[in-house]
Structure formats: structure tokens, C-alpha cells
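Encoded as C-alpha cells, the structure appears first; notes follow it.
Proteins get letters first, then strands, A, B, ... in listed order; numbering begins at 1 in each.
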Protein chains: 2
Amino acid sequence: MAQTDTVTRILDTAEVLFAERGFAETSLRTITSKAKVNLAAVNYHFGSKKSLIQAVFARYLDPFTERFHGVLDELETRHAGGVIPLEELLESMARTVLEVPAERNSLKVFMKLLGLAYSQAQGHLRRYIQEEYGSVFTRFTELVRRATPELPDAERFWRLHFVLGTVIFTLSGLDALRDIAEKDYGEHVSVRDLIRRLRPVVVAAMNAPLPEAPVTDRAEAS
Amino acid sequence: MAQTDTVTRILDTAEVLFAERGFAETSLRTITSKAKVNLAAVNYHFGSKKSLIQAVFARYLDPFTERFHGVLDELETRHAGGVIPLEELLESMARTVLEVPAERNSLKVFMKLLGLAYSQAQGHLRRYIQEEYGSVFTRFTELVRRATPELPDAERFWRLHFVLGTVIFTLSGLDALRDIAEKDYGEHVSVRDLIRRLRPVVVAAMNAPLPEAPVTDRAEAS
DNA sequence: CTACGTTTCAAACATTCGTTTCCATCAGGG
DNA sequence: CCCTGATGGAAACGAATGTTTGAAACGTAG
């Protein structure tokens, strides 16, 4: 089937280029020429560039959410009725994130895309991801809530986003950081090595003491 | 002097639009029309769009680096010869970051721009920032090194970037996150409130226990 | 007042972009 | 065999982009 071949080749090429340069900076002509398909193929198979971008994300996020739901199912039945420990939840998520892209491409690309989706703030992409895949994240946070009853809801919300920032930021900027680290410390770091370093930091962040009592809140800067 | 007025108006407008939409997604026509200056003014005063982007960053980073050098000077003389505690270093940096943009615009814009500079990975911008302002960061990390002698060099390097990721990611995506937090927890968070929440997390992250011994390192995914 | 360097302005330029169109190719079922 | 629907391919379209141009307007020193 030639169709599948063309579609796959477009997606494979697009995700790499998107990750390297960003969405707006990657033209359809660059994608199609490097993928050795016709320029019109993108609009024919995907409808528009915007849909192509979403398709690139869907190819990562669809397997991830499906698998992660399965992992959470298994975790919940194993701790039937009880509370799943925080570290186990984090471990499961990390493992799932690691497994999914390993099947096809590199984790680096996936993380870079996630980082872009968050910073390339505007409109359609963040909304698309939120509305399409928000349910898994909601389920996960609910489990985290039960695992950390001592944390106020708002505090837990922010800390989850703190560690999310750590992971996405680090792994999406991995190449540049790795170059610096290698130059300065002569040490080559693999993704698995980085995750090994991340684990105690993330756990410590989630278990950090609560901030001092909120001072009388004055008007803010922004 | 009309020149200064035009230049300032361009910079003021550009930084807001860049922060909202990204660099490539913001055209010179959008900037100049909203700033009520002529289209050619950008190329006349800045030379090119690329230089305008760098000028936007310079207007934040120049005062920051200058002031931060001063703060570090003061810290070093106060602890003459001795070691500056880690928390004091982090506090000083946070305070400096907070003070500089408060003079003109919002911290949010500055952080958003930083986030963009990191994700919008490619080429000129990251190199520009690194080569132009890398010295302060080098000086800072050296002081952190003396404050945390128990940390291996590589570990400290990565942890600094971990917390850098936390801060930039959180503060650059602040608006979106704030909306969610407000909707889910009815709680309005100010920037200062967020920093109050960040502090114990960052300290805990830096002081986290060392990761377990490096397992035999197999080939990595990417 | 005049002359000159600086700044503003409208218009145009050349390029690049996403998208569309139209035709060739090919497969399988009537 | 021819018809039909799906796909590949070349070319063109219209819009938007960054940049350049040349003249007008401005402020100021002589």
C-alpha cells in the first residue's frame, strides 16, 4: 500500500523537523522534499499543516494514553481499594513515557514536541492536547491526590507542574545541555542516566516541606 | 527626541507580542501597526527582525547581569573568603530576577521570552544569550559549587538545570496554569505567591539524596 | 534662512508560504 | 474492455512575509 508509506514518511520526517526547528519555522516544502514525497501530499492526506501537527502528536499520545490507562488499571487492581504509593505512580508514568516512543523513534523528539506545545503557547495545539488527552492526566492527579493526603490541593497541583517543568525542560533541551555537560565534565549522559538522576530530585520536590504561611498578599506585579 | 520614543515603542510592543505568540508567529507588520510606527522603522533602527529579537532580550538581560554581578560582589565581600550558603545564593538570584523586570514591565513577559528562547531551539538566539551573558551564569555556578561541596560536579550541573526548568516552565506558562488553578481550586495565585511555593521545592531538589549508583550503562534509546 | 544629517513614511520588491488545481497514473470491478 | 475512485505529481495561485527604496518631514547647527 503506497498510501501508508507516504503518510508514514511524512510523519517521520515532520516530527523530526518540527522538533528541531519548531512548527512555524518548518515549511511543508522542507518536509515533503526531505521525505521525498510531493508537496501536495500533505494537504491531500492530512488536510492542512495544522492537522499534520496534530497528527504528529496523536501518533505519540494515542499509544501513550492507551497504555497508561492500562498501567493505571493494573496498579489499581493490585492495590485493590488501597492507596498507591507516590513513588510507584511516578515510576509507572516514567516507564510508560519511556516505553512508548522507544517503539518507533526517540524520546528526545517526543519531549521536544511537548516542550514546543507548551511554549508555542498560542491556541490550537494546547487546546487540542488538553481536550483530547486531558482525561488520563485527570485520572493520574486523582491517584496522586490519594497518595499525598497531607498536601493541600493547590500545593499538589503546583508541585506536579513544577516537576513536569523539570522533566520536559530538561529532556527537550537535552541535546544542548548534553553538549555542555560533555564539554565541561567529559561525561556522556544517556537518557536513562538522566532519569536516574531525575528520580530523587522529583521525589524530594514532591515531599518538600510546605511553604511558610502565606504572607499578607499584596497586589502583584503583573 | 523622537527616535528614542519610536525605538522604545517598538521594543515595548514587540516583547509583549513575542511573548504571546512566539517570534516567527509575530510579523513586523503586526508589531509596527500596534506600536503605531512605520513598518520600515524596525529595519531602520534595528537592522533586521533577528536583531530586534536580540534587542528585546538585551533590554532585560543587560540590567539583570549588571545588577546580579553587583549582588554577587556584595555577597562575596560580606562572606569574605568564606562560603556563601546555597539558600542565600538562590534567594539573591530570585530577588534579582524579580527586581529587574519590575522596573518596566512584567516578570511574566521576561519568563515567557526565556522559555521561548530555550524551546525555539534553533540557532542564533540561544547562541547569542550564551555568548553574551554566559559569564554571570558561570560565576554563579562556581559559587554554588563551593556551597555544595558534597555534590559531584555533574550532579550539581544537572540539578541546577532541573530547577531552572521548573522555574522557567512554570513562570512562562503561568497564565494557562493560573487559569486551570483558579478554575479548579478557586484560588488566585500571584507571582510572589508562586515563588513562595517554589522556594521549598527548589531547596529540596538541590538537597535531594544522590541517585543510586550508576547501573551498568547500556546503549541508550536516542 | 539655509543646508544637512536624521527620522518618518508610503510604496514597492523579491521571496516564501500554505493551499488549490488539473492532469497522469494505476488498480480493481462492471 | 472501460469505467471509477484513489493517489502521485507539476504547476500555479493568492496571501503574507522581511526588506529595500526614494522622497518627504523634521530638527538643528551654521
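The residues B:Asp12 and B:Arg9 are annotated as not salt-bridged, no charged nitrogen and carboxylate oxygen being separated by less than 4.0 angstrom. Between B:Arg139 and B:Asp73 there is a salt bridge, with a side-chain nitrogen of the basic residue lying less than 4.0 Å from a carboxylate oxygen of the acidic one. Between A:Glu20 and A:Lys112 there is no salt bridge, since none of the side-chain N atoms of the basic residue sits less than 4.0 Å from a carboxylate O of the acidic one. Looking at A:Glu155 and A:Arg159, a side-chain N of the basic residue comes within less than 4.0 Å of a carboxylate O on the acidic one, giving a salt bridge.
For the pair A:Ser48 and B:Lys36, both in contact range of DNA chain C, the more 5′-proximal nearest nucleotide belongs to B:Lys36.
Residue A:Asn43 has a polar side-chain atom (N or O) positioned under 4.0 Å from OP1 or OP2 of C:dT19.
C:dC23 atom P lies 17 Å from atom OH of A:Tyr44, rounded to whole Å. In this structure, NZ of A:Lys50 is placed 19 Å from P of C:dC17, rounded to the nearest angstrom. At whole-Å resolution of the value, CD1 in A:Ile53 and C1' in C:dC17 are 13 Å apart. If you take CZ of A:Phe23 and P of C:dC17, they are 17 Å apart, rounded to a whole angstrom. Regarding B:Glu25, its CD atom lies at a distance of 15 Å from the C1' atom of D:dG18, rounded to whole Å.
For B:Asp153, the salt bridge (charged side-chain N to carboxylate O under 4.0 Å, His left out) test picks out B:Arg156, with sequence neighbours left out.
Considering only the side chain of A:His45, D:dG8 comes nearest among C:dT20, D:dG8, C:dT8. The listed nucleotides are C:dG18, D:dG18, C:dT8; the one nearest the side chain of A:Leu28 is C:dG18.
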Task: Contact pattern, 5' to 3', of nucleotides 10-16 of chain C - B, S or - by protein heavy atom under 4.0 Å - done: B-B----

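The residue B:Thr26 sits close only to the backbone: its heavy atoms come under 4.0 Å of sugar-phosphate atoms, none of a base.
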Open item on the list: Is there a ring-ring contact (aromatic ring centres under 6.0 Å, His included) between B:Tyr133 and B:Phe64? Walk through the geometry before answering.
Closed with: CA-CA 10 Å; B:Tyr133 305 99; B:Phe64 169 77; 8.8 Å; no

